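Here's the structure, in structure tokens; my notes come after.
The sequence lines fix the lettering, A, B, ..., with proteins before strands; numbering per chain opens at 1. In this text the structure is predicted, and so the values were computed from the model without any measurement.
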Amino acid sequence: MKAGWREQVLTVIAEIPPGRVTTYGRIAAMAEGATPRLVARALRELPTGHDQPWFRIITASRKLADHPGAAEQRQHLAAEGVLLDARGRAPVERMWP
DNA sequence: CAGTTGACCCGCG
DNA sequence: TCGCGGGCCAACT
């Protein structure tokens with residue numbers, strides 16, 4: 001199937017189960033033509049008030065990326081049971097394969 | 001030490 | 001104008 005990488009990124013995001021997180025790199029690997037930077041850019045350009053679980057995407061070091069909605073992201077994750085440790089990292093067992 | 005990654009930014013086609 | 005490849009670079013594995 002041939003779809004734009006943006007579309008694939010959105011699809012992959014929608015597949016992430018609640019209470020799980022994944023990284024830019026993994027999203028990029030699953031969406032042909034995407035790179036971690038492009039994934040990040042795509043997320044930034046998402047309109048506010050969309051229904052995608054963008055908050056389930058974190059950096060390769062399992063921390064939240066530095067962006068204006070980071071605080072909100074942390075709350076969304078906490079609400080799903082993904083609590084960050086003292087270093088701000090999400091537990092490995094919460095990673096979506 | 002060496003490789004990866006990034007919620008950027010600019011510049012090219 | 002728009003989309004995105006790619007450069008720079010700091011931070012982390």
Residue of the set V39(A), T22(A), L43(A) for which side-chain contact (heavy atoms from CB on, under 4.5 Å) holds with I13(A): L43(A)

If you take any heavy atom closer than 4.0 Å to DNA chain B, which residues from residues 54-77 of chain A end up in contact? W54(A), T59(A), A60(A), A65(A), D66(A), H67(A)

Please list residues of residues 78-97 of chain A whose heavy atoms come under 4.0 Å from any atom in DNA chain B, ordered by number; otherwise none. none

To check you understand the geometry: which heavy-atom pair defines the closest contact between A70(A) and A65(A), and what is its length? CB-O, 3.9 Å

Would you list the protein and nucleotides 1-5 of chain C atom pairs, both N or O, that sit under 3.5 Å from each other?
{"residue": "dC4(C)", "atom": "OP1", "partner": "W5(A)", "partner atom": "NE1", "Å": "3.1"}
{"residue": "dC4(C)", "atom": "OP2", "partner": "R6(A)", "partner atom": "NE", "Å": "2.9"}
{"residue": "dC4(C)", "atom": "OP2", "partner": "R6(A)", "partner atom": "NH2", "Å": "3.3"}
{"residue": "dC4(C)", "atom": "N1", "partner": "R41(A)", "partner atom": "NH1", "Å": "3.3"}
{"residue": "dG5(C)", "atom": "O6", "partner": "R41(A)", "partner atom": "NH1", "Å": "3.4"}
{"residue": "dG5(C)", "atom": "O6", "partner": "R41(A)", "partner atom": "NH2", "Å": "2.3"}

Sequence neighbours left out, what pairs pass ring pair (Phe, Tyr, Trp, His ring centres under 6.0 Å) with at least one residue falling in residues 70-97 of chain A? F55(A)-H76(A)

Which residue pairs satisfy the salt bridge (charged side-chain N to carboxylate O under 4.0 Å, His left out) criterion with at least one member in residues 11-25 of chain A, sequence neighbours excluded? none

Out of curiosity, does L46(A) fall in the hydrophobic cluster containing M30(A) (side-chain heavy atoms, cut-off under 4.5 Å, transitive links)? yes

Enumerate the residue pairs fulfilling salt bridge (charged side-chain N to carboxylate O under 4.0 Å, His left out) with a member in residues 51-76 of chain A, sequence neighbours excluded, ordered by first and then second residue. R56(A)-E80(A)

Are any of the side-chain heavy atoms of I58(A) and Q73(A) separated by less than 4.5 Å? yes

Let me know the distance between CZ of R26(A) and P of dT5(B), rounded to the nearest Å. 11 Å

Any chain of hydrophobic side-chain contacts (each under 4.5 Å) joining L83(A) to L64(A)? no

Looking only at heavy atoms, what is the nearest atom pair of G33(A) and L38(A), with distance? O-CD1, 4.0 Å

What's the separation between atom OG1 in T11(A) and atom CH2 in W5(A), rounded to the nearest 0.5 Å? 12.5 Å

